[in-house]
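Data first, discussion second: the structure below is written as C-alpha coordinates.
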Amino acid sequence: MDSTPVEYRGCELSAIVRHLSGEFVATLLIERPGGVRRAIGPFRSFPTAHDAEHFAIEYGKAELDGRLAARGPRVAVSG
(Lines give C-alpha, C1' and ligand atoms only; values in the text may rest on other atoms or scores of the structure.)
Protein backbone atom coordinates (compact mmCIF):
# COMPACT_ATOMS: atom_id res chain seq x y z
CA MET A 1 0.00 0.00 0.00
CA ASP A 2 1.32 3.42 -0.91
CA SER A 3 0.11 6.37 1.11
CA THR A 4 -1.18 9.63 -0.25
CA PRO A 5 1.77 12.05 -0.29
CA VAL A 6 1.84 14.73 2.41
CA GLU A 7 3.42 18.14 1.79
CA TYR A 8 5.56 19.32 4.71
CA ARG A 9 8.19 22.08 4.82
CA GLY A 10 8.45 22.15 1.04
CA CYS A 11 9.00 18.40 0.81
CA GLU A 12 6.73 15.50 -0.08
CA LEU A 13 6.44 12.68 2.46
CA SER A 14 4.97 9.31 1.58
CA ALA A 15 5.03 5.83 3.06
CA ILE A 16 5.14 2.43 1.46
CA VAL A 17 3.43 -0.09 3.75
CA ARG A 18 3.73 -3.85 3.34
CA HIS A 19 2.27 -6.77 5.28
CA LEU A 20 5.04 -9.24 6.13
CA SER A 21 4.89 -12.23 8.46
CA GLY A 22 1.83 -11.00 10.34
CA GLU A 23 3.04 -7.43 10.87
CA PHE A 24 2.93 -4.18 8.95
CA VAL A 25 6.19 -2.59 7.87
CA ALA A 26 6.60 0.97 6.54
CA THR A 27 9.34 2.68 4.57
CA LEU A 28 9.34 6.47 4.45
CA LEU A 29 10.13 8.39 1.26
CA ILE A 30 11.15 12.04 1.50
CA GLU A 31 11.24 13.95 -1.76
CA ARG A 32 12.95 17.31 -1.56
CA PRO A 33 12.55 20.14 -4.06
CA GLY A 34 14.36 19.29 -7.27
CA GLY A 35 13.31 15.64 -7.10
CA VAL A 36 15.99 14.33 -4.71
CA ARG A 37 14.52 11.34 -2.83
CA ARG A 38 15.61 9.61 0.35
CA ALA A 39 14.21 6.42 1.83
CA ILE A 40 14.24 5.76 5.59
CA GLY A 41 13.32 2.45 7.17
CA PRO A 42 11.89 -0.05 7.21
CA PHE A 43 10.03 0.69 10.42
CA ARG A 44 8.32 -2.28 12.04
CA SER A 45 6.20 -3.86 13.62
CA PHE A 46 2.76 -2.31 13.59
CA PRO A 47 -0.63 -3.98 14.12
CA THR A 48 -2.32 -2.08 11.27
CA ALA A 49 -1.35 -0.48 7.97
CA HIS A 50 -2.69 2.85 9.25
CA ASP A 51 -0.42 2.73 12.31
CA ALA A 52 2.60 1.99 10.12
CA GLU A 53 1.79 4.82 7.71
CA HIS A 54 1.11 7.29 10.52
CA PHE A 55 4.41 6.52 12.26
CA ALA A 56 6.42 6.87 9.05
CA ILE A 57 4.86 10.23 8.15
CA GLU A 58 5.33 11.59 11.69
CA TYR A 59 8.92 10.35 11.68
CA GLY A 60 9.47 12.22 8.41
CA LYS A 61 8.10 15.42 9.91
CA ALA A 62 10.41 15.01 12.90
CA GLU A 63 13.35 14.40 10.55
CA LEU A 64 12.59 17.59 8.60
CA ASP A 65 12.14 19.54 11.85
CA GLY A 66 15.55 18.36 13.06
CA ARG A 67 14.17 16.54 16.10
CA LEU A 68 13.90 12.91 17.04
CA ALA A 69 10.60 11.08 16.57
CA ALA A 70 8.73 10.88 19.88
CA ARG A 71 8.91 7.09 20.10
CA GLY A 72 12.44 6.77 18.75
CA PRO A 73 13.47 4.92 15.63
CA ARG A 74 11.96 1.53 14.89
CA VAL A 75 14.34 0.48 12.17
CA ALA A 76 14.87 -3.16 11.25
CA VAL A 77 18.41 -4.38 11.73
CA SER A 78 19.75 -7.39 9.91
CA GLY A 79 22.25 -9.56 11.69
Let me confirm one number: the [atom1]-[atom2] distance from [X] to [Y], rounded to the nearest 0.5 Å.
X: R44; Y: R18; atom1: CZ; atom2: CZ; result: 8.5 Å
X: D65; Y: E58; atom1: CG; atom2: CD; result: 9.5 Å
X: Y8; Y: I57; atom1: OH; atom2: CD1; result: 12.0 Å

ILVMFWY network linking V6 to L28, side-chain heavy atoms under 4.5 angstrom: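 Yes, V6 connects to L28 through the hydrophobic network.
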Linked, directly or transitively: V25 and Y59 (ILVMFWY side chains, under 4.5 Å):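 The answer is no; the residues belong to distinct hydrophobic clusters.
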S14 to P5 - nearest heavy-atom pair and separation: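 Here S14 and P5 meet closest at CB-CA, 4.2 Å.
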Closest non-hydrogen atom pair between A56 and A15, with its separation: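 Heavy atoms of A56 and A15 come nearest at CB-CB, 3.9 Å.
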Parallel, tilted or perpendicular: rings of H19 and F24 (30°, 60°):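 Ring orientation of F24 relative to H19: tilted.
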Side chain to side chain contact (heavy atoms under 4.5 Å, CB included) between E12 and I30, intermediate numbers included: CA-CA 6 Å; E12 186 175 276; I30 299 175; over 6 Å; no
Check: L29 and I16 side chains under 4.5 Å, non-hydrogen atoms: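 They are in side-chain contact.
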4.5 Å side-chain heavy-atom contact, L13 and K61: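 Yes. Closest side-chain heavy atoms under 4.5 Å.
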Verdict with supporting geometry, C11 and L64, side chain to side chain contact (heavy atoms under 4.5 Å, CB included): CA-CA 9 Å; C11 297; L64 293 174; 3.9 Å; yes
Basic-acidic side-chain contact under 4.0 Å: R38, E31: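 No, no charged N to carboxylate O under 4.0 Å.
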